[in-house]
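Values reported hereafter were calculated over all heavy atoms of this structure, with side chains retained and with hydrogens, waters and symmetry mates removed. Note that the structure is predicted; figures quoted are calculated from it, not measured. For reference, positions follow the sequence shown, starting with 1. Note that ligands are numbered from 1 as they come in the structure, with each ligand's atoms numbered from 1 the same way.
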Amino acid sequence: MSHAKQGRVFSGMQPSGEAHLGNYLGALRQWVELQETHECFFCVVDEHAITGEYSPSDLPGRVFDLAVSFLAVGLDPARSTIFVQSDVSEHVVLAWLFNAVAPVGELERMTQYKDKSTNLESIPVGLLNYPVLQTADILLYRADLVPVGEDQLQHLELSREIARRWNARFGEYFPEPQPVISRAGRILGLDGNAKMSKSLGNTVGILAEPEEIWERVRTAVTDPQRVRRTDPGRPEVCNVYSLHKFFTPPEELPDIAAQCRGATRGCVDCKRILSDHIAEHFAPIRERARDLKADPNQVREILDAGAEKARAEARETLEEVRERMGMRWRDLPILST
Ligand code: TRP
């Protein structure tokens, strides 16, 4: 990792298993690029996953599958530090220490917290505290840049607030992390829902086989005003067309758009073209994933090495934090060494 790189990046993703199209377009693609220019830490955040409904017996497989997706898309352990959050216990320690300055009022104002807590009979404190752990993830590595989707901007703002409050109380130390917003913008679900997410079942796995990709893409919602095959469509509002822009060669796009507007191609044929391009785009990635899954110990070794690198950084930060927060009773002058 060269210091000539332009700053430190941290990002995390919840272990929902194999990554899907939204994860790829909204995050992973950009992470792969960032590792060329920045010193990067990429983390499977399994300790965040326990704040919602989850099954302990499924979690290990979800962590492993997401790690395989990370590596298959091209996150490179030679360039980035790739690891699992729970392997580096310093995350939880720093989160607790941040509790000393994290404001409850602000935590209660987080929209993600409000959404996830509304229908719960009993709200786990971890749901409220989620952004404090997220802040610890970032600041444990003194990262100044955080690639995130729009939905995480509020959490990042809170991270800066926590950094400021901590610095004001214990001395200037942490950077105020800035978001790096994905240029992909918001990726709609295949059903037209505002967010592509595994739990909503409106996505395609990036490692899906071509037939499975087609099964999913075939169900995608298109321009709602194009009811009949003969109705002219509006590519600019069509969910499928927005995906064409990512996967279909740019020189083919004008034709796709024109055939839609002129109703000379039906939605099913248009989706078929998209589906084929998606399958083709992910072919090398599927191939790499297959190799990784055939040698799971290779994945373990990569994550173990990543955790070790992460831990070395994390320990330095915690050392400084403990010092400044007065967790140094052994240094009392009345004690001899
Ligand atoms: N909350 C983020 C999400 O749901 C995941 C996450 C956890 C994260 N810790 C992070 C993202 C630190 C960026 C930095 O997308």
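Contacts of Gln152 with ligand 1, taken as heavy-atom pairs under 4.0 Å, involve the side chain alone. If you look at Leu133 next to ligand 1, there are no close heavy atoms at all, none under 4.0 Å. Of all the heavy atoms of Val148, the ones lying under 4.0 Å from any atom of ligand 1 belong exclusively to the side chain.
Looking only at atom types and distance, the side chain of Asn167 has no donor-acceptor partner in the side chain of Arg164 under 3.5 Å away.
Looking at Tyr130 next to ligand 1, an N or O pair under 3.5 Å apart turns up. The shortest N or O to N or O distance between Asp137 and ligand 1 is under 3.5 Å. The N/O atoms of Gln134, backbone and side chain alike, include one that comes under 3.5 Å of an N/O atom in ligand 1.
Across Ala27, Ala143, Gly12, Pro177, heavy-atom proximity to atom 6 (C) of ligand 1 is greatest for Gly12.
Pairing each heavy atom of Leu318 with each of Leu97, the nearest pair is CD2-CD1, 3.9 Å. Residues Ile256 and Cys270 come closest through the heavy atom pair CG2-SG, 4.0 Å.
If you number the atoms of ligand 1 from 1 as listed, the ones under 4.0 Å from a heavy atom of Val45 come out as 7 (C), 9 (N). Interface of Val146 with ligand 1, defined as ligand atoms under 4.0 Å from a residue heavy atom, comprises 13 (C), 14 (C). Residue Ile138 has at least one heavy-atom neighbour below 4.0 Å for each of these atoms of ligand 1: 12 (C), 14 (C).
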Audit row: Ile206, Val73, side chain to side chain contact (heavy atoms under 4.5 Å, CB included) steps and yes/no: CA-CA 9 Å; Ile206 61 169; Val73 299; 3.5 Å; yes
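For the ring pair (Phe, Tyr, Trp, His ring centres under 6.0 Å) test with His91, the passing option among Phe83, Trp96, Phe98 is Phe83; the others fail.
Residues Val101 and Phe170 are in side-chain contact: their nearest non-hydrogen atoms beyond the backbone lie under 4.5 Å apart.
Using bins of under 30°, 30° to 60° and over 60° for the plane-to-plane angle, the ring pair Phe282/Tyr24 lands in the perpendicular bin.
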